[in-house]
Number of protein chains: 2
Amino acid sequence: MPRATLHNRQDSLERALHLFWQKGFHATSLKDLERTLDMRPGSIYAAFGSKDALFQEALERYARLGLVELERTLAEYDSPLSGLAAYLRKLGCLRDQELPSRACMLVKSLLELGEREQAALGKAEALLEAMEACFVDQFRAAKHAGELEPSADPVRLGRRLQAEVMGLRAYAQREVDSQAVHALADDMARSIEALRLS
Amino acid sequence: MPRATLHNRQDSLERALHLFWQKGFHATSLKDLERTLDMRPGSIYAAFGSKDALFQEALERYARLGLVELERTLAEYDSPLSGLAAYLRKLGCLRDQELPSRACMLVKSLLELGEREQAALGKAEALLEAMEACFVDQFRAAKHAGELEPSADPVRLGRRLQAEVMGLRAYAQREVDSQAVHALADDMARSIEALRLS
DNA sequence: CGATTTATTGAGCGATTGCTCAAAATTGGC
DNA sequence: GCCAATTTTGAGCAATCGCTCAATAAATCG
């Protein structure tokens, strides 16, 4: 009985994510979204509620995809430390890929949003926390596997890695050449590998 | 013969810097600036030209103050490596101070600005490059002083430190407790000190 | 073929954006 | 006190902002 839906919601969300990731929340206007989603304002609001709500959905999707990618990388390695090092080296290729932005959308949001967008800001913080928790878990696994010395603190190591990833990706956002980012990521990866008990 | 200028230009710039650093470029409206500077639009435009130009001046002032602070810290130590470690530990106190933002304004700008604000974006990049160059110089000095092993690469070390500072300050922007930021900064400082030849 | 249901449209709302400029206010020199 | 020089004002511009909603289009039902 109803009219068939013309737009695939998932696909629209993907396009919106692409746009928000590239331009940030404030610099993305509804006109931009209308163009990119090929939808009129009414349809966008019927599907997503508001610009803010759409942004939050995009944030969550971004983080989910990022976590999947992280865990996929980690799963390729038997050694937890090797998995983390490999993840860093993958990030070193950021400058080569064609992406909306080289910087992490969560960090972009963390730095851009203020009190007026508290809901989205809180979501970004929570998702960063989840990312950090994943790192901590991985270091815990490394410790359990005997890769780390007994005195090692997985919480501090996870926190440090989180900060390094934030830094690496912010650095990659600069107009530096690809080789520099690769070298930086490699240096960070070596630091992780240096934690391994020989 | 002219009418005396009512507002101190330097002071106005300082207030604008405070506001831009806190809210970012896009989220700061002229109404906000009018309120904070206690100036009407005409005066602001007479003094600074445009919102974009004012932002660029604020960026430059921010970076100049930051570089001064960095060099002041470094000058307190005879050992280049100790100076860098001390700088990191100072950043570890970010969460305790009352600042417009814990994140670096240059990084916030780097992540927020797009093609439409290319001039300001380019300025932020150049200022970050200057910061990195300062780090590189310091590592060069450390190498010359025999603190680093001969094979050490000051360019890579400077780049790495730049990324760590970016990461540390982005991390500090999160709603984490002060102790975590202190621990993170300390871990980073220890990494620097670990480079020292015993 | 209606009838019904739902998706989509797009003109346009009130508010806000960055900004302009003629007028008013304030000074110092004569 | 008056003129000239300069700063400051603030109403208000055109454009854009996020968003609403009555009208329209499309699809499935009997």
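All chains are named by letter (A, B, ...) in the order of the sequence lines, taking the proteins before the strands, and each is independently numbered beginning at 1.
- Scanning all heavy atoms of the two residues, the minimum distance from B:Ala163 to A:Leu168 falls at CB-N, 4.4 Å.
- At whole-Å resolution of the value, CE in A:Met39 and C1' in C:dT6 are 14 Å apart.
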Can you check nucleotides 16-21 of chain C for protein contacts, nitrogen or oxygen pairs under 3.5 Å, and list what you find?
residue	atom	partner	partner atom	Å
C:dG18	OP1	B:Thr28	O	3.3
C:dG18	OP1	B:Lys51	NZ	2.7
C:dG18	OP2	B:Leu30	N	2.8
C:dC19	OP2	B:Tyr45	OH	2.3
C:dC19	OP2	B:Lys51	N	2.9
C:dC19	O5'	B:Tyr45	OH	2.9

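- Per the geometry, CZ belonging to A:Arg9 stands 12 Å off P belonging to C:dT8, to the nearest Å.
- Residue pairs meeting the ring-ring contact (aromatic ring centres under 6.0 Å, His included) criterion with at least one partner in residues 129-154 of chain B, sequence neighbours excluded, do not occur; the list is empty.
- The NZ-C1' distance, from A:Lys23 to D:dC17, rounds to 13 Å in whole Å.
- By the side chain to side chain contact (heavy atoms under 4.5 Å, CB included) test, B:Glu115 is found to be paired with no residue, residues two or more places apart in sequence or in another chain being considered.
- As a whole-Å value, the separation of A:Leu37 CG from D:dG18 P is 13 Å.
- Between the CG atom of B:Asp38 and the C1' atom of D:dT9 there is a distance of 12 Å, given to the nearest Å.
- Across the protein-nucleic acid pair, A:Ile44 atom CD1 and C:dT8 atom P stand 11 Å apart, rounded to whole Å.
- When the ring-ring contact (aromatic ring centres under 6.0 Å, His included) test is applied to A:Phe55, the partners found at least two apart in sequence or on another chain are A:Phe20, A:Phe25.
- Residue pairs satisfying the salt bridge (Lys or Arg N to Asp or Glu O under 4.0 Å) criterion with at least one member in residues 124-153 of chain A, sequence neighbours excluded, are listed as follows: A:Glu132-B:Arg174, A:Asp137-A:Arg140, A:Glu147-A:Arg196.
- Residues passing the side chain to side chain contact (heavy atoms under 4.5 Å, CB included) test with A:His18, sequence neighbours excluded: A:Gln22, A:Pro100.
- Distance A:Leu54 CG to D:dG18 P: 11 Å, rounded to the nearest Å.
- Separating the CZ atom of B:Arg35 from the P atom of D:dT9 is a distance of 16 Å, rounded to the nearest angstrom.
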